[in-house]
4 protein chains.
Amino acid sequence: MRRAERDGRMRGLEKISNKRKKILDAAATIFSQKGFHQARMDEIAVAAHVAKGTLYYNFSSKSLLFAATVTEGMETIVRQVRAEMVSDLPFPEHFQLLVTSIVRLYLQHSDLAHIIFNEISSGIDDAVLMEIERVRGRFIEFIAEMLAWGQQKGYIKNIDLKLSAVALAGIIDSVCSHLLQYPEGANEEKAVETLHDILSSGLLKR
Amino acid sequence: MRRAERDGRMRGLEKISNKRKKILDAAATIFSQKGFHQARMDEIAVAAHVAKGTLYYNFSSKSLLFAATVTEGMETIVRQVRAEMVSDLPFPEHFQLLVTSIVRLYLQHSDLAHIIFNEISSGIDDAVLMEIERVRGRFIEFIAEMLAWGQQKGYIKNIDLKLSAVALAGIIDSVCSHLLQYPEGANEEKAVETLHDILSSGLLKR
Amino acid sequence: MRRAERDGRMRGLEKISNKRKKILDAAATIFSQKGFHQARMDEIAVAAHVAKGTLYYNFSSKSLLFAATVTEGMETIVRQVRAEMVSDLPFPEHFQLLVTSIVRLYLQHSDLAHIIFNEISSGIDDAVLMEIERVRGRFIEFIAEMLAWGQQKGYIKNIDLKLSAVALAGIIDSVCSHLLQYPEGANEEKAVETLHDILSSGLLKR
Amino acid sequence: MRRAERDGRMRGLEKISNKRKKILDAAATIFSQKGFHQARMDEIAVAAHVAKGTLYYNFSSKSLLFAATVTEGMETIVRQVRAEMVSDLPFPEHFQLLVTSIVRLYLQHSDLAHIIFNEISSGIDDAVLMEIERVRGRFIEFIAEMLAWGQQKGYIKNIDLKLSAVALAGIIDSVCSHLLQYPEGANEEKAVETLHDILSSGLLKR
DNA sequence: GATGAATGAGCTTTCATTCAT
DNA sequence: GATGAATGAAAGCTCATTCAT
């Protein structure tokens with residue numbers, strides 16, 4: 001399909017969406033490579049193949065562009081994890097799948113993932129920071145719900161679920177970051193296995 | 001009292017050390033409050049009660065001041081954890097003590113801790129970034145050694161120790177950050193207990 | 001009702017005129033509120049209920065829109081003053097009427113008036129600036145003619161008429177601006193009286 | 001006297017003052033030529049022979065630099081007018097001197113004068129705008145005091161003094177602006193004479 | 001005729017770093 | 001050793017103007 005032909009089909013809003021999407025994609029790349037403060041709007045504009053003004057036409061500030069990037073990226077990830085969870089497997093397999101899915105999606109969207117899994121340091125508008133915390137909170141909630149379900153079914157021990165969800169997110173973030181940082185020694189399968197092992201039965205021998 | 005006379009009491013290196021220390025203390029405070037990119041040299045100078053030029057007289061750049069802050073802070077923390085570990089308790093109690101110590105020191109030096117436990121995003125000189133990663137690596141090594149010792153004694157299951165150390169650091173960072181962010185619901189003891197519980201025997205019921 | 005049908009009722013120029021008028025009204029409001037440099041084309045478009053492109057369809061630049069706004073506004077004012085002057089009163093009453101009329105119209109169109117009475121600071125195309133000065137010059141001429149007529153009739157003393165017209169415009173602008181700025185203490189009648197008093201017989205007792 | 005020699009004498013604060021003064025002089029020139037919004041900080045820096053950063057080292061924003069320029073310039077003018085007023089002439093001559101002095105100083109500092117005599121249009125921080133209005137208010141007060149003194153002595157007619165002061169400032173501003181705008185036909189003496197004539201006994205014949 | 005998304009030159013402001021004293 | 005005034009290279013953001021539709 002030729003380009004003109006493809007673009008020709010889209011009109012009005014769709015086309016706008018496309019430009020928004022181009023910007024958000026570029027922003028995700030740059031923000032994840034450089035972090036919020038080090039990312040420059042110029043760079044993002046170049047990466048998105050638009051003029052700098054177009055960034056501001058679509059997002060009224062750098063902070064808001066960041067917020068939009070994180071929020072939309074997050075929604076994609078959560079949606080994907082949820083999609084993979086819609087199964088009627090018994091809980092133990094379900095739990096394993098949860099860990100596996102999150103790791104895979106983390107590694108796919110490593111840029112955004114690290115932002116969401118960790119707290120953002122200061123220097124961003126408070127409103128935007130809160131929005132990001134809210135998004136992260138929803139993700140933690142989602143994990144906590146899964147654990148609650150397992151607890152009801154008698155698979156998860158009697159333990160604080162919110163803290164456990166936080167711990168689960170932290171442990172996955174930590175191991176995945178490590179994987180990404182030392183790709184030579186990386187082994188996704190082994191990492192998933194180790195993570196699942198620790199999360200299931202801890203470090204100590206019985 | 002004349003200036004020369006007053007200053008005369010302190011000699012050469014000691015005086016430098018004092019000023020160096022004042023600067024490092026101030027830097028630790030500011031860097032932890034604002035993060036590397038948001039911290040301004042002006043602020044640090046004010047907080048250290050020295051002129052801005054003095055910062056550059058002692059540390060040739062912001063990045064190097066940051067590196068020194070992290071390194072020295074880290075050494076303090078590791079030294080303290082090691083000190084608390086010098087006991088001849090049986091391993092299980094030892095392991096519990098390790099977790100407890102790290103959590104306590106993390107909360108005490110939350111600023112530096114989060115920097116060390118997590119990776120630093122870009123924007124800092126590569127040389128400095130490597131220095132910080134090296135420091136973090138040493139901390140992970142330290143934990144891994146502890147686990148290796150437990151494994152030798154038959155307490156730790158057959159598992160990748162490096163990954164486990166990374167996981168342990170990640171889970172502690174995550175839970176402590178959460179504690180610091182939501183201080184109202186914070187309960188250090190319960191957090192330590194939950195952490196220890198997960199790390200010892202996982203989330204699942206046996 | 002189809003679009004063509006609805007629009008069909010208004011023809012060519014009239015419709016343009018209407019849109020032109022809407023724009024000029026909005027421009028007068030915004031320019032007077034914010035001044036030339038602070039007024040944004042976006043704002044004017046919103047105030048005129050037209051798209052920004054329509055502004056440029058009708059006026060090829062911000063400067064020219066400003067010039068048109070001032071010129072048309074001015075013509076309205078002068079026309080109104082002239083209309084009120086068409087009387088066969090004896091000169092002294094005529095003179096009083098002149099002052100009264102200008103003050104009233106100034107306060108009605110305070111926005112444009114201040115622009116015309118005062119000189120415009122730079123930053124506008126020279127061509128446009130000259131156009132505005134020309135408009136202002138015509139107003140000064142108009143006053144000077146009135147004074148010349150009074151001089152011929154022996155009512156106005158032997159004095160430089162151009163300078164006097166400039167002075168008259170300046171004194172009215174100054175007092176009216178003051179009235180607008182401190183509306184709480186404002187008293188239009190008293191202001192007119194004072195102005196007339198000074199312009200008629202000066203500040204000193206005879 | 002050589003430059004090094006001259007500068008050598010000045011130390012610390014004086015030298016700072018000198019740089020401040022250089023900046024304020026340059027700012028007065030540029031602001032008066034271009035107006036607040038059209039004046040660029042770059043230009044002022046070049047005119048002051050300092051780096052742009054130096055502007056911000058001494059004045060924390062463009063608005064505040066503007067405020068300082070106006071305030072300090074104004075103080076100079078008022079001080080000079082007051083200095084010329086310290087005489088024990090009878091009031092009528094005193095009044096003539098007042099007009100003459102203001103006109104002369106206006107023409108000397110035409111840039112600042114027009115800012116002070118007229119109200120500033122919007123777009124400047126409200127705090128700064130108020131400061132400028134305050135400065136202008138003090139000038140009006142000063143004129144009003146002079147008139148009050150003349151009224152007490154029985155020279156000034158029974159008239160609103162505040163409004164009269166405003167009127168006096170306006171008429172002088174208007175005529176001086178006209179003089180500056182059309183320098184070819186300018187005649188300072190004649191302008192002063194006309195102004196004084198109008199202010200003393202008005203436009204009408206007795 | 002009318003629109004509004006897109007543009008990019010130009011602006012204010014920040015802040016790590018330097019260097020004369 | 002210590003200082004802090006001075007610097008200037010960025011960086012975020014604005015807005016008059018254009019042009020494809």
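Every chain is numbered from 1 and lettered A, B, ... according to where its sequence line falls, protein lines coming before strand lines. Worth knowing before you read on, the calculation uses all heavy atoms, side chains too, and leaves out hydrogens, waters and symmetry mates.
Along DNA chain E, the nucleotide nearest D:Tyr56 and the nucleotide nearest C:His49 are compared for position; the residue whose nucleotide lies closer to the 5' end is C:His49. Nucleotides of DNA chain F nearest to B:Ala51 and A:Ala39 differ in position, and the one nearer the 5' end is that of B:Ala51.
Contact check on C:Lys52 versus C:Glu43 returns no salt bridge, with no Lys/Arg side-chain nitrogen under 4.0 Å from an Asp/Glu carboxylate oxygen.
In this structure D:Thr29 satisfies the side chain to side chain donor-acceptor pair (under 3.5 Å) test with no other residue, sequence neighbours excluded. With sequence neighbours left out, C:Ser32 forms a side chain to side chain donor-acceptor pair (under 3.5 Å) with C:Asp111. The side-chain contact (heavy atoms from CB on, under 4.5 Å) test applied to C:Asp25 returns C:Lys21, not counting sequence neighbours.
Neither OP1 nor OP2 of F:dT17 sits under 4.0 Å from any side-chain N or O of C:Lys62. For the OP1/OP2 pair of E:dG1 and a distance below 4.0 Å, the side-chain nitrogens and oxygens of C:Asn58 include no atom meeting the criterion.
Taking atom NE2 of C:His37 as the reference point, atom C1' of E:dT12 lies 17 Å away to the nearest angstrom. When rounded to the nearest whole Å, the span between CD of B:Gln38 and P of F:dA11 equals 14 Å. Rounded to whole Å, atom C1' of E:dT7 lies 12 Å from atom CD1 of A:Ile23. In this structure, A:Lys52 atom NZ and F:dT17 atom P are separated by 20 Å, rounded to whole Å.
Each salt bridge (Lys or Arg N to Asp or Glu O under 4.0 Å) pair with one or both residues in residues 53-65 of chain D, not counting sequence neighbours, would appear here, but there are none.
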Secondary structure of DNA chain F per the Watson-Crick/G-U criterion (both distances under 3.5 Å; [ ] crossing, | other strand, . unpaired) is .||||||||||||||||||||
Expected list for residues 64-71 of chain D: side-chain donor-acceptor pairs under 3.5 angstrom, two or more places apart:
{"unit_1": "D:Thr69", "atom_1": "OG1", "unit_2": "D:Leu65", "atom_2": "O", "d": "2.6"}
{"unit_1": "D:Thr71", "atom_1": "OG1", "unit_2": "D:Ala67", "atom_2": "O", "d": "2.7"}
{"unit_1": "D:Thr71", "atom_1": "OG1", "unit_2": "D:Glu131", "atom_2": "OE2", "d": "3.2"}

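Among the atoms of the strands shown, none is found under 4.0 Å from any heavy atom of A:Ala45.
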